[in-house]
Chemist: 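Have a look at the structure that comes next, please.
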Amino acid sequence: MLIPTLRKVGAEAEMASHRLMLRAGMIRQLAAGVYTYLPLAHRTLYKVEQVVREEMNRIGAQEILMPALNPSELWRETGRWDTYGPELITLQDRHERDFLLGPTHEEVITDLLRNEVNSYKRLPMSLYQIQTKYRDERRPRSGLLRGREFLMKDAYTFHADRETLDQAYQGMYHAYERIFTRLGLDFRAVEADSGAIGGTENHEFMVLADSGEDTLTLCDSCDYAANIETARVGGHEGEKSRPVAEEISTVEKVSTPKASTIEQVTKMLDISPHRLMKSLLFDVDGEPVLVLVRGDHEANEVKVKHALDADQCELADEAVVQRVTGAPSGFAGPVGLKEKVRIIADHAVRDLFDAVTGANEADAHLLHVTPERDFQVDHFADVRTVQEGDPCPHCGGTLRFSRGIEVGHVFKLGTKYSEAMQATFLDREGKEQPLIMGCYGIGISRLAAAIIEQHHDDNGITWPLTAAPFAVHLIAVNMKDENQARLAEQLYGQLVQNGLEVLFDDRQERAGVKFKDSDLIGIPLRITVGSKAAEEVVEYKIRRSGESGHLSAQELSNQLPELLKQVDG
RNA sequence: CGGGGUGUGGCUCAGCUUGGUAGAGCGCCUCGUUCGGGACGAGGAGGCCGCAGGUUCAAAUCCUGUCACCCCGACCA
């Protein structure tokens, strides 16, 4: 079997899963974010796929396989040919017709259903596929964790009403819980932003790992869990009492040369950041909007977008800042703007008074600024990014941060795609209605890498049995020893006949090499045929716990089931 | 897309500053010794020094361009 293990890999591979998959001879890179899966990786991917298949089938989803090569027409119907952006890998055929390699399959499946399902009697329907996806990531990295070509399970459900969509969503949610539990993962389902796919309710499934790219917000006293990009801040209902306006000094301009950052202003004026009002100009669907947050808080684009029910939201560029505030960025404020713009303030700003803001003038700030007295806020909303220690929005407990790897995402899509593509059905009254949809993804190849992130030690991978490429690693210490070779061959045949997946190391290598490779590859149970072969005695060792002992060869088949129950301990 | 870095036998890297016959370790092949945690000795195979121009008597080395890959950031179901 082709398992080209390596003693060392280049310094560029930094993630444990990336280094170990290279070293264990599982993967080889062909181009940035594109890998060949060698036999061990292929077997693990197959294992992961099978767990996913079983749980999908269990909830009544039907497996199909759609083309990776998609004509552009469908994607023009939904507008995503233009809006999906440079992540879309596009190409032309010999007739110069536009095609793309599918990064996801809402268009294709919606096209299928609009042609084939026209009656409420056929609904609800649940379909899924396991297939290679293509996304031209800005920066592929970390081996299989973020590739440009990767394996994904995507499922889609279609409904005549919201109730069955809710049921399907719950069904998928629980299926995902079973899948990740069976794969031995410590994970959390978190509230998330739906991003470019769109839709309403959605959850991400995160594998907890310090190396993860996402930050999760978890409550320490209830089960609230959210991605930081959307996590809500609790406890902003009660307004603090503050002095009546008359007791606060009137606004005063002070010179703050070159102090354009919070840090510089606090230093120059000798005040703490929470006395500052940070003013950020956003470009929201083409309209400038001033967003106010407290100086020690960060504005959150996703929340701003949602607060204004907008499609696009990004920080305004320098030219817009100059036009609206009359000053370079760093000196914006809500008082004395050159243009009338909407002002959105975070709830924490409600409690600010006698605060410091930019003066809308280069090298100047204003003191004693107080909301409602000195300027009007159009809308108070939760628009800041959660900080560790903030109150939980559900129970008032304390929010803590944790890192995670996103391995699954479930969405209620609604009718976004069915309306765009006129995918309709006839209801009981014979009325035409758009199909109601849900979509549900799992990154299969990423999941394999995430399992390694959570299951490895200094010597290599420590696979959970459900994802391991083999269940048993049989090692003949010295193949030149007749007793050892004979006994090992015999046991191999016997174990395989018993239906066990066995990797047999019959190489003419020294024992040390075999043991090192064995630890690296990480198969849960090792059976060593060595010096006691003449007495028909072999040794077992559980990879993860290191527990080992001797067994008689005759007893092996009987005792293996019991041993295999202990390997994940 | 911005910043930084690297391209030299299969792998990890040195050599480049200061141009002058392409190196080491690991791996691979042969023989011998060894044989339970990455053995030892002897012999051997293997490289258009990423690619294209330029400078020079002479370029892995200097210059220009280009491509690829990696890291940080931004972005991203």
Side-chain angles (χ1 to χ4, degrees), chain A residues 2 4-15 18-19 22-23 25 28-35 80 83-88 102-106 133-143 145-148 150 152-156 192-199 202-206 213-214 227 229-230 301-302 312-315 405-411 413 416 439-443 446 458-460 475-481 484-485 505 507-521 526 528-533 537-539 541 546 548 550:
Chain A
L2 181 60
T5 55
L6 298 171
R7 210 171 288 200
K8 52 174 61 176
V9 291
E12 70 273 7
E14 292 189 331
M15 286 281 210
H18 190 195
R19 296 184 71 82
L22 287 169
R23 285 192 55 208
R28 286 296 182 263
Q29 182 172 351
L30 182 65
V34 181
Y35 292 84
R80 287 209 292 182
T83 59
Y84 207 91
E87 265 194 39
L88 210 53
T104 173
H105 280 73
E106 284 80 8
K133 302 286 191 204
Y134 297 86
R135 290 184 194 170
D136 197 357
E137 295 281 346
R138 292 264 174 88
R139 185 150 94 81
R141 66 184 112 175
S142 310
L145 283 172
R146 181 170 292 268
R148 291 193 295 176
F150 56 97
M152 176 163 154
K153 185 281 310 185
D154 47 325
Y156 306 88
D193 180 47
S194 58
I197 284 194
N202 75 99
H203 287 88
E204 289 172 334
F205 285 80
M206 295 282 189
E213 290 182 315
D214 291 290
N227 192 311
E229 66 189 10
T230 187
E301 284 183 23
V302 172
Q312 296 283 325
C313 173
E314 56 184 6
L315 268 178
I405 300 165
E406 182 191 355
V407 292
H409 205 155
V410 292
F411 293 85
L413 283 180
K416 175 175 170 168
C439 84
Y440 320 86
I442 290 180
R446 175 183 283 186
D458 291 345
N459 296 315
I475 292 181
V477 169
N478 184 353
M479 281 303 286
K480 286 182 187 157
D481 179 299
Q484 293 187 26
D505 189 347
R507 294 176 300 169
Q508 306 242 345
E509 290 285 355
R510 296 167 63 83
V513 174
K514 295 190 176 192
F515 291 143
K516 288 288 185 190
D517 277 350
S518 172
D519 287 344
L520 180 58
I521 291 167
R526 178 202 296 171
T528 305
V529 178
S531 51
K532 292 192 168 62
V537 169
V538 300
E539 184 183 340
K541 185 172 187 186
S548 63
H550 292 279

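Note that the coordinates shown come from a computational prediction; the quantities given were computed from them, not determined experimentally.
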Chemist: Would you mind reading off the distance between A/D517 atom CG and B/G36 atom P, rounded to a whole angstrom?
Modeler: 17 Å
Chemist: Go through the structure and list residues passing salt bridge (Lys or Arg N to Asp or Glu O under 4.0 Å) with A/R148, not counting sequence neighbours.
Modeler: A/D136
Chemist: Indicate, yes or no, whether a donor-acceptor pair under 3.5 Å links the base of B/G36 to the side chain of A/E539.
Modeler: yes
Chemist: Any donor-acceptor pair under 3.5 Å between the side chain of A/N478 and the base of B/G36?
Modeler: no
Chemist: What is the distance from CZ of A/R19 to P of B/C11, rounded to the nearest Å?
Modeler: 16 Å
Chemist: Tell me which nucleotide, if any, is Watson-Crick or G-U wobble paired with B/C57 when both distances must be under 3.5 Å.
Modeler: B/G20
Chemist: Mind checking what makes side-chain contact (heavy atoms from CB on, under 4.5 Å) contact with A/E213, not counting sequence neighbours?
Modeler: A/R141, A/R146
Chemist: Partner lookup for B/C40, please. Criteria are Watson-Crick or G-U wobble with both distances under 3.5 angstrom; report none if nothing qualifies.
Modeler: B/G32
Chemist: Round to the nearest Å and state the distance from A/D505 atom CG to B/G37 atom C1'.
Modeler: 13 Å
Chemist: Please state whether the base of B/G38 and the side chain of A/R23 form at least one donor-acceptor pair under 3.5 Å?
Modeler: yes
Chemist: Does A/R28 reach the main-chain N or O of A/L22 with its side chain, forming a donor-acceptor pair under 3.5 Å?
Modeler: yes
Chemist: Decide yes or no, distance alone: a donor-acceptor N/O pair under 3.5 angstrom between the base of B/G25 and the side-chain of A/K8.
Modeler: no
Chemist: Considering only the P atoms, how many Å lie between B/A45 and B/G3, rounded to the nearest integer?
Modeler: 48 Å
Chemist: Could you tell me the Watson-Crick or G-U partner of B/C1, where both distances fall under 3.5 Å? Say none if there is no partner.
Modeler: B/G73
Chemist: When you check the gap from the basic side-chain N to the acidic O, do A/E106 and A/K416 get nearer than 4.0 Å?
Modeler: no
Chemist: Can you tell me the distance, in whole Å, between the CZ atom of A/R80 and the P atom of B/A77?
Modeler: 11 Å
Chemist: Counting only side-chain N and O atoms of A/R510, is one of them less than 4.0 Å from OP1 or OP2 of B/C35?
Modeler: no
Chemist: Using the C1' atoms only, state how far B/C69 lies from B/C26, rounded to an integer number of Å.
Modeler: 23 Å
Chemist: N/O contacts under 3.5 Å, protein versus nucleotides 69-74 of chain B?
Modeler:
residue: B/C69; atom: OP1; partner: A/A32; partner atom: N; Å: 3.0
residue: B/C69; atom: O3'; partner: A/Q29; partner atom: NE2; Å: 3.1
residue: B/C70; atom: OP1; partner: A/Q29; partner atom: NE2; Å: 2.9
residue: B/C72; atom: OP2; partner: A/R139; partner atom: NH1; Å: 3.0
residue: B/C72; atom: OP2; partner: A/R139; partner atom: NH2; Å: 2.6

Chemist: Tell me the interatomic distance from A/N459, atom CG, to B/G37, atom P, rounded to whole angstroms.
Modeler: 14 Å
Chemist: Tell me the interatomic distance from A/N227, atom CG, to B/C75, atom P, rounded to whole angstroms.
Modeler: 14 Å
Chemist: When only distance counts, do a donor and an acceptor, one from the side chain of A/R7 and one from the base of B/G10, lie under 3.5 Å apart?
Modeler: no
Chemist: Expressed as a whole number of angstroms, how long is the span from A/M206:CE to B/A77:C1'?
Modeler: 11 Å
Chemist: If you define the side chain from C-beta out and look only at heavy atoms, does anything of A/Q484 sit under 4.5 Å from A/V477?
Modeler: yes
Chemist: Should B/G7 form a Watson-Crick or G-U wobble pair with both distances under 3.5 Å, which nucleotide is its partner?
Modeler: B/C67
